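Worksheet for the structure shown next.
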Amino acid sequence: MEERRLQVTSRLGLHARAAANLVRVASKFQSNLTLQRLDGNGEEADAKSILSILTLAASRGTALRVVASGVDEHEALDAVVGLFSRDFDETEKPGADLPPVTQEFRCKGLGVSDGIVIGRVLRLQEGTRDVYRAVIDEADLERERRRFRAAVRLSRRQLEAIKHRAEKELGRGHAYIFDAHLLFLEDAKLTRDVEDYIVKERANAEWAAKVVGDRLLSIYTQINDEYLRERGSDIEDVIQRLLANLTGEGPKYPNLSEDAVIVSPDLLPSTIAELNLDHVKAIATDAGGWTSHMAIIARGLGLTAVVGLRNFYHRTRTGDRLIVDARRGEVVLHPAQETLSQYQLMEDAHGPTPAPVGPVDCGPLATLDGVQIALRANVELPAEFQAVRDFGACGVGLFRSEFLLSRPGLMSSEQEQYETYKSLAQAAGEYGAVVRLFDVGGEVAPDAKQRERNPALGLRAVRFNLRHKEIMRTQVRAILRAGAAGRLSLVVPMVADVADIRSSKHVIDEELERLAAEQASFSEVRIGAMIEIPSAVLTAERIASEVDFFELGTNDLVQYTLAVDRGNDKVSDWFRTLHPAVLYGISRTLQAAEEASIPVIVCGEMASTPAYAVLLVGLGANDLSMIPAMIPRVRAVLSQINAAEAREVALKCLGLATADDVEELVRNEFRARWPELFPPNTLPKALE
Ligand code: PEP
Ligand code: MG
């Protein structure tokens, strides 16, 4: 065995291309060659493995020990030392492989929740598939390994072709990165570990590649050196390619580091539901608006989120430092030291709203003139159930159950659903919970490939349920059974008219009969209709006579009344909650319900904005459902106003022509009547 001490003198340290050259030189010898850091914990790397070398994160100035052992150890050591002294034979002009621009870059979007977060980018792109675990028979393990090797070969051919093209079009200085990809791909640390995993765990090749890839990635996200850490996204790239070649599609979610900020062109709610949320600090997406489901969930989970950033995703790399400032609706990529220091001071003060400590007000509130108003919770995931009590909600006004369908094409079983609804009922307590039948389709289509041309107008919600009756029946049965264990109601989403209610009730009645025949434990539940499309508003009287209650979904009501896609940032300027047509729809629905003596829960995002909540009360609402964290704020405001005054303002609004007119009136009236309750930033902004 022979060893030497060396120092890394090249400007970028032992970066990807340098490491690639080192692997090439080291691999010519039979001896084992290892590098060991002389500082820190003495991390060691195999000089024949690019993945191993890069995890050393050896930047300029790092002192290393090189150890060679084997028949040609002397020559091997000489060759490696020579390479170090020649700064890894880098022939490119200085600057040819400078890291991508890392100057501070700000991008404006729409802040859809509270908080300021400093974290690291984790890029996620929709459209790729999940990787599932399969257990392989002993006899088939060899075939599985061959399948993996074939995917490696195919990936290599693809990368060589890309490299060739990059050399021609961009020059050698830029094509080197594909050399590194090729080395990653053939690195024993990857290939051997995957094959070992297949055999040891009797796992399918996709699963083995994902587990091993995730492990490697998690090492990279912890590296301190900015430039070297970026190689994590190259590894991510290679793993994605491998998985794509194995499955015909790609995998979805890499491992999450502690301070991950999910950056994505768009994010399906099902994706969020599948992420390990303990590690996600914030979300930044190119698409989306205030009422897109992703934004709603982010708020519900207390995740800081900025949406509508347009072309931001393409500017990022996994591992980049990023500030997400939801208060200003802004993100800052590669923040300068000064910016970072400013934000570090703010980060703690402006985190998402924590649950209040100590007892909170609960039960219905009363306005100054004695109108009783119930504030309920909207929840999506079991993780939020605890918040129902923490924030003093009168039970659950809306459980968006479709998150039980989070995996593509996969529905929770009747028993799993039953357990979820039972714990929901327990969390909701005496006031009970309303379970919405699956509102699938539209932006929450379970499978990207199955999306329709015009999903918001397609096979969504009740239409989906009536077309997929087995899914509907399973859910209905689970709700009816859980109804025996707590107070549950059921609401049918997106009904167009009373025919949708009749068809739904028919299915529910059949399941009631079946449960009775089976002598199962179950309970009849109250049945409501979501009023959220204009035809339902215009026929509200008819629907009211056949249901026990209404839920007013203002998010969709705005979308469908104004024909503005709620998730499309390009038309977000036209998404006007205070449009007179929307207010008229709400007023009409509330009146129809009053005449039929049925209650109405207003459960769109509108209810959680204090100024809008006042208008809703003015229009006659007395039951609002919202993100739990917003309840204390809305409670504080509503208990300090007169409902009669709110009514005066609301009536004036109904007589106006445009959303601008309504917003102006709201600003003026609210400032004059309740100056302490509504500081300027809590009212609709004036046009600039
Ligand atoms: C709504 O449309 O206002 C609503 C409450 O339902 P969702 O946001 O889930 O469509
Ligand atoms: Mg809706």
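Quantities reported herein were computed from a predicted structural model and do not represent experimental measurements. Read the numbers this way: they start at 1 and go in the same order the structure lists the ligands and their atoms.
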Open item on the list: Restricting to N, O or S, what is the name of the atom of Glu532 that lies nearest the Mg ion (ligand 2)?
Closed with: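 The atom in question is OE1.
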Task: Minimum-distance pair of heavy atoms, taken over all atoms of Pro684 and Val666 - done: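 Between these two residues, the closest heavy atoms are CD-CG1, 4.0 Å.
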Backbone, side chain, both or neither: what part of [X] comes under 4.0 angstrom of ligand 1, heavy atoms only?
X	result
Glu402	neither
Arg400	side chain
Asn378	neither
Arg436	side chain
Glu380	neither

Per-atom contacts, ligand 1 versus [X] - under 4.0 Å to a heavy atom:
X	value
Ile296	8 (O)
Arg460	10 (O)
Cys603	5 (C)
Asp556	1 (C), 2 (O), 3 (O), 10 (O)
Leu398	5 (C)

- [ ] Report the relative orientation of the aromatic rings in Trp674 and Phe670; use parallel for angles under 30°, tilted for 30 to 60°, perpendicular for over 60°.
- [x]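 Rings of Trp674 and Phe670: perpendicular, as their planes differ by over 60°.
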Looking at [atom], what's its closest protein heavy atom, distance included?
atom	answer
atom 8 (O) of ligand 1	Arg566 NH2, 2.7 Å
atom 3 (O) of ligand 1	Asn555 N, 2.7 Å
atom 7 (P) of ligand 1	His293 NE2, 3.3 Å

- [ ] Please determine if the Mg ion (ligand 2) has an N/O/S atom from Asp556 lying under 2.8 Å away.
- [x]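 Checking Asp556: at least one N, O or S atom is under 2.8 Å.
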Any side-chain donor near an acceptor of the partner, [X] and [Y], under 3.5 Å:
X	Y	answer
Glu416	Tyr421	no
Tyr418	Glu414	no
Glu605	Thr554	no
Ser625	Arg376	no
Asp661	Thr658	yes

Task: Min side-chain heavy-atom separation Arg588-Glu541 under 4.5 Å - done: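 A side-chain contact under 4.5 Å exists here.
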Task: Main-chain N/O of Phe438 paired to Gln475 side chain as donor or acceptor, under 3.5 Å - done: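 Yes: the side chain of Gln475 pairs with the backbone of Phe438.
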- [ ] Measure from the side-chain N and O atoms of Thr609 to the backbone N and O of Ala611, and report whether any donor-acceptor pair falls under 3.5 Å.
- [x]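 The answer is no, because no donor-acceptor pair under 3.5 Å joins these two groups.
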Task: N or O contact, Thr291 vs ligand 1, cut-off under 3.5 Å - done: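 No, since none of the N or O atoms of Thr291 sits under 3.5 Å from an N or O of ligand 1.
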TODO: Determine whether any heavy atom of Met626 lies closer than 4.0 Å to an atom of ligand 1.
DONE: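 Checking ligand 1 against Met626, which is what was asked, there is no heavy-atom contact under 4.0 Å.
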Open item on the list: Within 45 degrees of the ring normal and closer than 6.0 Å to the centroid, is that where the cationic atom of Arg566 sits relative to Trp290?
Closed with: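 Checked: cation-pi criterion not met.
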